[in-house]
There are 2 protein chains.
Amino acid sequence: MQISPAMEDYLMAIYRSQTVAERVSTSQIARRLGVSAASTTAMFKRLAEEALVEYHEYTGASLTAKGEGLAASLVRRHRLAERFLTDVLGIGLDQVDPMADRMEHALPPEVIDRFDSILQEPHTCPHGQPIPDKDGVLPDLHYSPLASLAAGEEATIARLEEGDPELLRYLVEQGLVPGARIRVVEKHPVDDLITLDLGGTSLVVGQRVVAALDVGDVPAPRTPRL
Amino acid sequence: MQISPAMEDYLMAIYRSQTVAERVSTSQIARRLGVSAASTTAMFKRLAEEALVEYHEYTGASLTAKGEGLAASLVRRHRLAERFLTDVLGIGLDQVDPMADRMEHALPPEVIDRFDSILQEPHTCPHGQPIPDKDGVLPDLHYSPLASLAAGEEATIARLEEGDPELLRYLVEQGLVPGARIRVVEKHPVDDLITLDLGGTSLVVGQRVVAALDVGDVPAPRTPRL
DNA sequence: AGTGTATGTTAGTCTGGACTAAAATTATGC
DNA sequence: GCATAATTTTAGTCCAGACTAACATACACT
Ligand SMILES: [Mn+2]
Ligand SMILES: [Mn+2]
Ligand SMILES: [Mn+2]
Ligand SMILES: [Mn+2]
């Protein structure tokens, strides 16, 4: 059988929810895709039929080698598309995810390859998520949560959560994007607030924002090569 | 209701088959899309439901103003995508049509606008077909059939038929692409063969190829602006 | 260990978009 | 002008992918 766009979305969702070989539940995927649990059960069966996942009733599904390879290539497509949208077309970080979500199903391999080379084989999407290589191998990025920094420490924002559009818009607005240099001015004992210095301006952020950010070494931005 | 990819394909097919306000038949569209006549009848009804076409049983359908506007914007998407694939990504003329056929349904307006400006508002797709502007207005190109040239005349290839992949591959292979300069060396009285001179090399082409080519003033190629 | 709750599955339904075969209509040729 | 051919529509099916409501299972707490 052919892999449909819907199947692709489920595979990617499983891939992204699955921490090393763990089984993934119906409701997790249903939540992530905004779909009913019943629909997810049905899709788990179809995917199992195609030997893309191993599915056990009531206990969840996990990707087979075949499924994982495919999922990695899909995630690669998605993240390279995002990079292309930001770096070549200049579209905002807060807009590219839903766009890539549709485009990922329609971009032929040749186009993905060209994106990769034009962008000079990037290792992360614009949100800082790793891009699997052609063999599905993820680069290992050594990021740590913003919360782990002590007062006075300086760091570079490396990754941000991309689930919540409103949060994402806020982060972009404030300049809290990968590559931004920050310093922890003060960690408030109450409410887990943190005062940051961001290129001279000071900014107080709360738990929700703190949890959304990772810091670490971010690869130097490369200008697209055409 | 929402416009689905399938509806988009039908609208574009009608747009492209429809010569000024003519009604278009079920079988024409079915043939063009590789679909059964029955499916086309069903889709004509759905499109009529949405006021995108005016449909009269047994006599065919024609686009309404609404449908025509939408179709023009879809054709615009398709052709700009093709231009992008060839001019920016360097993909062959003989490969881009089926790629654009899938991508056209997934490219958001922002991306199309960026393509348009990067490509410097091109007036034709790489095959020489006109690109409607944002208001759906087609540029008027003054092309004529290759067959209309007399022996000795020189011209520039401006448009080629894109229906048949094999033919297209052959044309590209021979260098018979928009922009190519040709001279009619001889028109053979038998079998409608034509001997062409193409940058020094001579080439005999038959009726099928001749019919596939138009000549005329082709806009100077623009290098993508980034 | 038993029981209530959360989670997962089944059953039944819907919609879009395709198909084939049969029926209806229009076009063509004599 | 009428019989036959070609085209179009209808009727009946199928499949993917979604949904809700009802039922089944697993887990967590006493
Ligand atoms: Mn998607
Ligand atoms: Mn991303
Ligand atoms: Mn298409
Ligand atoms: Mn074209």
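Not measured: the values here are computed from a predicted model. Chain letters run A, B, ... following the sequence lines, proteins first, then strands; residues in each count from 1. Side chains are part of it too, since the values below use all heavy atoms of this structure and drop only hydrogens, waters and symmetry mates.
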Practice problem: May I ask you to check whether Asp133(A) and His123(A) show a side-chain donor-acceptor distance below 3.5 Å? | Solution: no
Quiz item: Side chains of Ser25(B) and Gln28(B): is there a donor and an acceptor less than 3.5 Å apart?
Solution: yes
Quiz prompt | Side chains of Asp116(B) and Arg83(B) in contact at under 4.5 Å (non-hydrogen atoms) | solution = no
Quiz item: Are the side chains of Leu171(B) and Glu161(B) in touch, meaning some heavy atoms are under 4.5 Å apart?
Solution: no
What is the separation between atom [atom1] on [X] and atom [atom2] on [N], rounded to the nearest whole Å?
X        : N       : atom1 : atom2 : value
Tyr58(A) : dT25(D) : OH    : P     : 5 Å
Glu57(B) : dA23(C) : CD    : P     : 18 Å
Arg23(A) : dC27(D) : CZ    : P     : 11 Å
Asp9(B)  : dG16(C) : CG    : P     : 17 Å
Met43(A) : dC19(D) : CE    : C1'   : 14 Å
Arg46(B) : dT9(D)  : CZ    : P     : 14 Å
Glu8(B)  : dG17(C) : CD    : P     : 11 Å
Glu49(A) : dC15(D) : CD    : P     : 13 Å

side-chain N/O [X] vs [N] OP1/OP2, d < 4.0 Å:
X        : N       : result
Tyr10(B) : dA18(C) : yes
Tyr55(A) : dG8(C)  : no
Lys45(B) : dT10(D) : yes
Ser4(B)  : dG17(C) : yes

Quiz prompt | Sorted by number, the residues of residues 25-39 of chain A with heavy-atom contact under 4.0 Å to DNA chain C | solution = Ser25(A), Thr26(A), Ser27(A), Ala37(A), Ala38(A)
Quiz item: If every non-hydrogen atom of Arg77(B) is compared with every non-hydrogen atom of Glu104(B), which pair is closest and at what distance?
Solution: NH1-O, 2.7 Å
Quiz item: Does the ring centre of Phe84(B) sit less than 6.0 Å away from the ring centre of Phe84(A)?
Solution: yes
Quiz item: Which distance, rounded to the nearest 0.5 Å, do you find between the OH of Tyr170(B) and the CG of Leu167(B)?
Solution: 9.0 Å
Exercise. Tell me the stems DNA chain C sits in, counting at least three consecutive Watson-Crick or G-U wobble pairs, each under 3.5 Å on both distances.
Key: C:1-30 with D:1-30
Practice problem: Answer yes when Arg208(B) and Asp164(B) have at least one side-chain N-carboxylate O distance shorter than 4.0 Å, and no when they do not. | Solution: yes
Self-check item: Short N-O contact, Arg222(A) and Asp87(A), less than 4.0 angstrom
Solution: no
Exercise. Would you kindly compare Pro5(A) and Thr40(B) by the position of their nearest DNA chain D nucleotide and give the one closer to the 5′ end?
Key: Thr40(B)
